[in-house]
Amino acid sequence: MSPQDDKAKEVSADGAAGPIILFFIIGLAASLVFGWVIFPKLLYSQKKQPLDFNHILHVEAVEEGCESCHFFREDGSFSGIPKLAQCVECHEDVQGEDPNEVKFVEEYVTNGREVPWLVYARQPDCVFFSHAAHVKKAEMDCGTCHGHIGESEHSRVYEENRITGYSRDIWGKNISGLKEHTWERMKMDDCAECHATKELKTDVETLPWPINWLPRPYEKQSGNQARVKTVKEACFVCHK
Amino acid sequence: MKIGRRSFLSFVIGGAAGTAISPLPWKLTDDSSIWSQNWPWTPVPPDGEYSQVNSICTLCPGGCGITVRKVDNRAVKIEGMKGHPVNDGGICVMGLSGLQLLYGPTRVKTPLKRVGKRGEGKWEKISWNEAISEVTEKLAEIRAQGEPHTVGSIVNSDRGTVPNLFRRFLTAYGSPNYMTMPSMQDSYNMTMQLMQGVTAQVGFDAENADYILSFGSGIIDGWGSPVRMFKANSAWKVDGKKVVQIEPRLSNTAAKSDEWIPIKPGTEAALALGIANVVIMESLYDKENIDSQFGFDAFKELVLNGYSVEKVSNITGIKSATIVSLAKNFAQASNPLAICGKGQGSTPGSLNEFVAVHALNALVGNINKNGGVWALSDTDYIKWPEFDLDSIAENGMQKERIDGAGSEYPHAKSLLNRLPEVINSGDGFLEAIFVADANPLYSMPDSKAIKEAFDSIPFIVSFSSYMDETASNADLILPNHVYLERYEDVPTPVGLQKNIIGLAKPVVKPQFNTKNVGDSLILIAKALGGSVANAFPWDSYDACLEETLGSKWDLLEENRFWSDSNSKVVTGEFNFYPDAMKSLTNFSPVSIEGSTISFPLVLIPYDSIRLANGYIGNPPFVIKTVEDTVLKGKTACVEINPKSAKEFGLTEGRSAILHTPRGKAKVKIHLYEGIMPGLVALARGLGHTAYDKYLTDKGCNLNELIGMTEDPVSGLDAAWGIRARLTKV
């Protein structure tokens with residue numbers, strides 16, 4: 001190599017270092033902005049509930065709290081979002097002047113149509129979840145998983161994941177997947193948080209609903225004892 | 001500043017680094033995995049409120065109780081009803097798949113009127129009013145011509161309210177031509193009549209029997225009430241009770257029996273009498289009671305003269321020692337039971353065989369005894385008001401039946417098997433025919449002849465829920481609700497030894513624009529007016545049913561079944577030697593069609609629990625359970641003994657043409673050690689040309705290959721096979 005070539009290389013190296021770092025930073029910053037800010041906006045579509053529902057108003061009017069409308073059926077299964085028939089028990093006619101109430105009675109009650117509520121907590125079909133085991137037996141509070149929905153005056157915007165079709169509530173509002181409270185996320189890991197650690201023991205025979213409502217590993221326990229801690233082969237408890 | 005290659009690379013690297021520490025790749029990975037679980041074609045049933053509805057399955061005459069699980073208004077699972085006296089929680093593969101008959105593609109969704117040629121499949125949707133008036137106009141026209149007896153009907157059985165409504169309708173209208181699909185029950189009923197002098201349903205106390213001699217009855221292939229027989233068979237195994245299966249082919253029943261005795265087909269009656277011979281010779285029966293019974297001397301003479309062990313051994317191909325040991329074991333068992341009715345009992349068979357087998361039961365004294373054969377008087381709950389016939393109806397009812405039942409064959413009630421011959425030979429004709437709960441164009445032997453007969457009937461009305469062979473050849477279809485959508489009474493199941501009534505109830509609302517056949521009939525009667533309308537005082541079928549069941553209704557609504565606590569056993573004087581037995585003096589097996597020269601083999605049918613062969617066709621789930629030794633791709637397999645196969649140069653899996661005097665079909669060869677040399681066996685229940693794409697064109701219909709042989713006494717079809725030939729292709 002000639003001395004002239006050496007010199008040329010030196011010059012070129014000195015002159016290019018700045019832009020290279022700059023472009024690295026630009027690329028880094030752009031992708032961070034895209035990943036953290038723009039991507040979530042693109043990923044979720046915003047949907048409005050068919051009616052704006054006021055939980056506070058309803059909780060005040062009923063006697064048994066959440067279970068007045070979200071009740072357990074006789075066989076121990078959970079009714080979930082009320083069917084029209086339940087609403088009609090009180091809302092056969094328009095009460096008050098709220099436009100939502102008018103819309104509800106005119107569009108749904110009169111026509112006998114079910115309200116197509118968007119379910120924030122809907123899990124994939126392969127997930128088996130027994131409300132009875134959690135609420136009745138483990139005496140968990142609805143809010144542990146569902147948050148303070150009972151204290152809301154308006155229905156939140158339902159954010160639907162454009163790829164999966166599920167609500168944003170499952171992954172959680174925080175796109176990083178981190179959460180502050182138990183109800184902010186409903187992925188499998190969040191179930192596992194309790195199930196991996198809790199050693200709660202219950203007496204199977206005293207359960208008020210049919211035994212076949214309990215997932216299989218519970219039945220497998222020796223004696224009358226059951227536990228919630230996930231054990232080997234426990235996948236099929238929830239993934240039927 | 002110059003943006004070069006390096007800057008660009010640096011930008012990309014920065015972007016990649018940034019992306020890696022943003023949630024984007026991780027979230028997308030998670031989402032895409034969930035997305036892949038939710039393809040739009042992955043069926044995801046909607047969630048809802050669970051409930052269970054009890055009802056009765058009417059897919060076969062088994063009368064099992066079922067429990068249907070529902071999510072909201074949708075039925076999602078059928079299970080056996082726990083505590084039901086027939087099946088106590090058990091269910092068969094067909095019953096399990098019943099939802100496919102409810103929601104599947106084979107349903108007729110609205111009344112249809114044919115617009116193209118018959119069988120062409122061109123239909124016009126019409127309203128129920130139009131459909132009813134179409135039928136009424138035609139019937140009124142036939143009546144006005146004074147020809148009411150030229151209207152006939154075919155239903156599945158003659159028990160229960162729907163068949164009785166048909167009978168009542170035809171009587172009021174003026175026609176004696178009420179016909180039912182034949183089965184072994186016809187032969188058993190006739191046997192009861194001839195040997196015990198009673199009108200009774202036969203019941204088998206299978207659960208209490210300890211030695212079961214089955215003359216080809218497919219105990220676990222769908223004979224009798226199938227789930228009940230499965231359970232009885234399992235119990236026999238547990239308790240160490242003996243089952244002997246006598247048939248030329250190693251069926252599932254034979255394979256699970258304690259002893260399988262291959263017999264030359266068609267010689268079963270001779271074996272029964274050969275066994276009787278040993279029992280009498282060795283005095284293994286209750287001489288004191290039996291010797292004095294009516295006709296026993298003649299029977300004894302017949303058996304001793306004509307059915308020595310050696311002779312029977314020659315006739316049947318069974319070793320003498322085997323016959324002797326069979327007879328001894330049978331007679332010395334505490335509760336022996338002999339049963340007949342081949343396969344599922346869907347063909348009546350030779351009356352000789354029934355009479356001989358029943359005599360065997362009587363000989364060991366098990367008539368109306370624990371573990372024996374019971375003669376039950378049917379629960380007489382259908383008591384409808386008398387009605388008057390007008391002069392047209394009276395004239396019509398005085399005419400002889402077209403099928404010769406009651407006249408030419410005095411013991412028979414219905415001889416549908418004779419209809420094709422009578423019509424095709426020009427000896428009789430029908431102007432119109434109603435078909436309900438039956439598919440004669442598929443399930444009657446010699447189906448080509450019956451198709452030809454139907455072709456000459458100007459007006460065919462089908463009440464089928466499904467587009468079956470008969471419906472697709474009809475002029476008008478008035479679709480019935482399927483069994484999960486309607487109320488219906490279910491009389492005592494075939495072969496049960498106690499009387500029960502079941503009540504099927506709607507599990508779901510009718511899915512389509514269909515109507516209960518009972519309602520259709522009531523509407524037609526009312527529209528015809530006059531004395532026909534007067535015979536139908538009910539507003540609806542449900543009202544008729546509730547009134548008929550009277551005080552039992554509430555209990556039936558609650559339990560779905562009503563057990564007759566005093567099931568009445570009818571006893572008449574037993575006759576060991578009815579006229580029907582005279583033809584046994586010189587034994588000759590029921591002859592089958594075809595010459596031995598051009599048809600060196602013999603084709604015999606066989607039944608499988610996985611193949612429905614009556615009105616109901618196999619739903620998709622069930623057809624999937626058929627083994628590939630029965631149906632390979634779209635071709636049916638025939639079983640043949642390797643020895644015979646070698647003779648004709650046939651090898652496993654090879655295609656061949658099966659010829660019989662009645663027709664031919666493409667088949668595949670399946671070599672099977674479990675079938676007697678010289679025989680070819682083909683499963684019943686294949687070769688549908690109608691229903692849905694899951695069933696149609698799969699294999700060949702045995703009934704197109706087999707003919708009919710009229711039993712000289714009963715007039716019923718006694719054919720057990722047909723001569724056949726296999727040629728290579």
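Chain letters run A, B, ... following the sequence lines, proteins first, then strands; residues in each count from 1.
- More than 12 heavy atoms of other shown residues, nucleotides or ligands fall within 6.0 angstrom of atom NZ in A:K83.
- Around CZ of A:F53, the count of heavy atoms belonging to other residues, nucleotides or ligands within 6.0 Å exceeds 12.
- Here B:L24 is the residue among B:I21, B:L24, B:T19, B:V12 with the most heavy-atom pairs under 4.5 Å with chain A.
- At most 12 non-hydrogen atoms from other residues, nucleotides or ligands lie less than 6.0 angstrom from CZ of B:F8.
- Within a 6.0 Å sphere centred on NZ of B:K109, heavy atoms belonging to other residues, nucleotides or ligands number 12 at most.
- The distance from the CZ atom of B:F11 to the CG atom of A:L28 is 10.5 Å, given to the nearest 0.5 Å.
- With a threshold of 4.5 angstrom between heavy atoms, A:L43 approaches chain B through side-chain atoms but not through N, CA, C or O.
- At least one donor-acceptor pair under 3.5 Å links the side chain of B:S10 to the backbone N or O of A:F24.
- For A:G35 against B:S22, the heavy-atom pair with the smallest separation is CA-OG, 3.5 Å.
- Crowding of B:E557 atom CD: a count of heavy atoms from other residues, nucleotides or ligands under 6.0 Å exceeding 12.
- Closest heavy-atom contact between A:L32 and B:G18: CD2-O, 3.3 Å.
- For CH2 of B:W553, the number of neighbouring non-hydrogen atoms (other residues, nucleotides, ligands) closer than 6.0 Å is greater than 12.
- Counting heavy-atom pairs closer than 4.5 Å to chain A, the top residue among B:G48, B:A20, B:A16 is B:G48.
- The number of heavy-atom neighbours closer than 6.0 Å to CG of B:D539, taken from other residues, nucleotides and ligands shown, is 12 or below.
- Taking CD of B:E49 as the start and OG of A:S77 as the end, the distance is 6.5 Å to the nearest 0.5 Å.
- For a residue to count as touching a neighbouring chain, one of its non-hydrogen atoms must lie under 4.5 Å from one of that chain's; by this rule B:N38 touches chain A with the side chain only.
- By the 6.0 Å contact criterion, CG on A:N174 is enclosed, its count of non-hydrogen atoms from other residues, nucleotides or ligands being greater than 12.
- Two residues are said to be in side-chain contact when any heavy atoms from C-beta on lie closer than 4.5 Å; A:N161 and B:K27 meet this criterion.
- Counting heavy atoms from C-beta on, the side chains of B:L28 and A:I163 come closer than 4.5 Å.
- When all heavy atoms of B:S7 and A:P19 are compared, the pair lying nearest together is OG-CB, 4.0 Å.
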